[in-house]
Amino acid sequence: MNTRKLKFLIPVMAIGLAITASAFTSMEKSHVGESSLIVGYVYDSPANPCDQKLVNCNETGENLCYSEGQPVFKMEGTSCITQLRRD
């Protein structure tokens with residue numbers, strides 16, 4: 001009798017644990033809002049190759065992102081090599 005209860009209770013507890021864990025998991029935002037500005041980097045000079053700019057760009061848009069005619073990049077480690085995009 002106890003093994004029957006145990007065989008029924010284990011899957012019920014596993015489902016309950018899964019539902020509880022999913023309730024406390026936050027969803028990742030994959031799309032940046034239209035009005036939000038992010039930090040991008042533009043080439044300024046050899047002495048200051050990655051100059052910070054606040055721009056309305058993201059990493060997944062269709063068009064390349066420019067600020068005042070200069071391409072805007074994302075900082076990766078100590079260099080700016082990935083160009084940001086804009087919708």
Side-chain angles (χ1 to χ4, degrees):
M1 188 76 163
N2 285 337
T3 59
R4 268 184 122 175
K5 288 181 184 179
L6 189 59
K7 285 183 180 180
F8 174 75
L9 197 58
I10 289 176
V12 170
M13 289 175 38
I15 291 171
L17 180 64
I19 291 171
T20 305
S22 69
F24 292 106
T25 304
S26 64
M27 295 186 65
E28 182 179 331
K29 294 181 181 179
S30 62
H31 188 267
V32 178
E34 287 289 322
S35 64
S36 63
L37 296 176
I38 63 170
V39 176
Y41 297 87
V42 296
Y43 181 81
D44 188 31
S45 68
N48 187 21
C50 296
D51 188 29
Q52 281 188 355
K53 296 277 184 180
L54 286 177
V55 291
N56 187 12
C57 301
N58 58 46
E59 294 181 43
T60 60
E62 295 178 11
N63 304 313
L64 295 175
C65 184
Y66 291 93
S67 174
E68 299 173 4
Q70 295 180 321
V72 181
F73 297 93
K74 172 185 159 188
M75 178 69 80
E76 293 181 12
T78 59
S79 61
C80 310
I81 55 174
T82 304
Q83 189 166 359
L84 292 174
R85 299 186 168 272
R86 164 178 311 197
D87 292 330

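Predicted model, so just to flag it, every value in this text is computed and none were measured.
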I need the minimum non-hydrogen distance between [X] and [Y], along with the two atoms involved.
{"X": "R85", "Y": "G61", "value": "CD-O, 3.1 Å"}
{"X": "N56", "Y": "R86", "value": "O-NE, 3.7 Å"}
{"X": "P71", "Y": "V42", "value": "O-CG1, 3.6 Å"}
{"X": "S67", "Y": "V55", "value": "CB-CG1, 4.1 Å"}
{"X": "Y66", "Y": "V72", "value": "C-CG2, 3.9 Å"}
{"X": "Y41", "Y": "C50", "value": "CD2-O, 3.9 Å"}

**Request:** Mind checking side chain to side chain contact (heavy atoms under 4.5 Å, CB included) for I10 and listing every partner two or more places apart, or none if nothing turns up?
**Result:** L6

**Item:** Pairing residues for E59 by the side chain to side chain contact (heavy atoms under 4.5 Å, CB included) criterion, not counting sequence neighbours
**Value:** K74, L84

**Request:** Please lay out, stage by stage, how D87 and N63 fare under the test side chain to side chain contact (heavy atoms under 4.5 Å, CB included).
**Result:** CA-CA 6 Å; D87 292 330; N63 304 313; over 6 Å; no

**Cluster overlap M75 with L37, hydrophobic side-chain contacts below 4.5 Å** = yes

Linking directly or through intermediates, with side-chain heavy atoms under 4.5 Å: list the remaining ILVMFWY members grouped with [X], chain and number order.
{"X": "M13", "value": "L9"}
{"X": "F8", "value": "V12"}
{"X": "L17", "value": "none"}

**Asked** Going from CZ on F73 to CG on L64, what distance comes out if it is rounded to the nearest 0.5 angstrom?
**Response** 9.0 Å

**Message:** Within this structure, what is the CD-NZ distance for the pair E68 and K53, rounded to the nearest 0.5 Å?
**Reply:** 4.5 Å

**Item:** All side-chain hydrogen bond (donor to acceptor under 3.5 Å, both in side chains) counterparts of T82, not counting sequence neighbours
**Value:** E76

